Student: 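Right, I'll just put the structure down here and ask away after.
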Amino acid sequence: AATSARFTIRWSSASLSPATEDAQVEGLMDFAHRRGRITYPGLSEAIYDGDTIYVRFPLPWRNPAPWTRLDIADDEAFDPLDLFERAMHNPIGLLEFLRGASDDTQNIGPELIRATSTTRYKGTLDLQRVVDNAPPAKQEELQQWLDFLSESSPTKVPFELWVDGRGLTHRLRLEIGQSESM
């Protein structure tokens, strides 16, 4: 019912050069009006305004960084295999999505997240199940993306999810590889 969210995404990776420890993304999204702002490490940021995204990436030879405009024609650009993107589009449906793409989701129990009562869940996201459960018209394209993704990334990803009584996600943790988590 809030139709908006303020969020923080933290990740660490020993495999990146240089290694990151608790890199952080801050964001504020108004889902009802399709507007928002996300600030990334290194002064990069994105502003969402309907079907338009403005992005700014600092470059050593451009100071200050220029803004670039990206127009998105429709939701066809939405990638159902991208869990970050899925969480950004619908933070309420994330638990149902993960349950449908996992055969080992467990209810770990209650936990407080920023003074909000939540239930913690744990499981393994199986991206092949995402493809198999997709509409038939999308399955071939998604399978090609999954095949490409599997060359460099795992297709089964351990997750932990904290959800309140209304089904709203308050925290999501993914173990992307042996040395990466988000």
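The shown structure was predicted, so the numbers you read here are calculated from the model rather than taken from an experiment. Position 1 is the first residue of the sequence; numbering continues from there.
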Student: For Gln106 and Gly123, indicate whether the former's side chain and the latter's backbone hold a donor-acceptor pair under 3.5 Å.
Tutor: no
Student: Quick check for you: to the nearest 0.5 Å, what is the distance between Gln128 atom CD and Leu142 atom CG?
Tutor: 10.0 Å
Student: Just verifying a value: how many Å separate Leu161 CG and Thr105 OG1, rounded to the nearest 0.5 Å?
Tutor: 9.0 Å
Student: Taking C-beta and beyond as the side chain, do Asp103 and Arg129 meet within less than 4.5 Å on heavy atoms?
Tutor: yes
Student: Indicate, with yes or no, if Leu168 and Trp162 share a hydrophobic cluster defined by side-chain heavy-atom contacts under 4.5 Å among Ile, Leu, Val, Met, Phe, Trp and Tyr.
Tutor: no
Student: Hey, are the side chains of Ile38 and Tyr48 touching, using non-hydrogen atoms and a 4.5 Å cut-off?
Tutor: yes
Student: Does Tyr54 reach the side chain of Arg69, with side-chain heavy atoms less than 4.5 Å apart?
Tutor: yes
Student: Drop me the distance from Thr52's OG1 to Ile47's CD1, to the nearest 0.5 angstrom.
Tutor: 11.5 Å
Student: With distance as the sole test, does Thr118 use its side chain to make a donor-acceptor pair with the main-chain N or O of Glu111 at under 3.5 Å?
Tutor: yes
Student: Could you report the tightest heavy-atom contact between Phe7 and Leu28, atom names first, then the distance?
Tutor: CE2-N, 4.0 Å
Student: Minimum heavy-atom separation for Glu175 to Val157, with atom names?
Tutor: O-CG1, 3.5 Å
Student: Distance from Asp164 atom CG to Arg171 atom CZ, nearest 0.5 Å?
Tutor: 13.5 Å
Student: Can you tell me how far apart CZ (Phe159) and CG (Asp104) are? Round to the nearest 0.5 Å.
Tutor: 7.0 Å
Student: Under 3.5 Å, side chain of Ser102 to main-chain N/O of Leu125, donor-acceptor pair present?
Tutor: no
Student: Could you tell me whether the side chain of Leu146 reaches within less than 4.5 Å of the side chain of Thr155, counting heavy atoms only?
Tutor: yes
Student: Which distance, rounded to the nearest 0.5 Å, do you find between the CZ of Arg173 and the CZ of Arg120?
Tutor: 6.5 Å
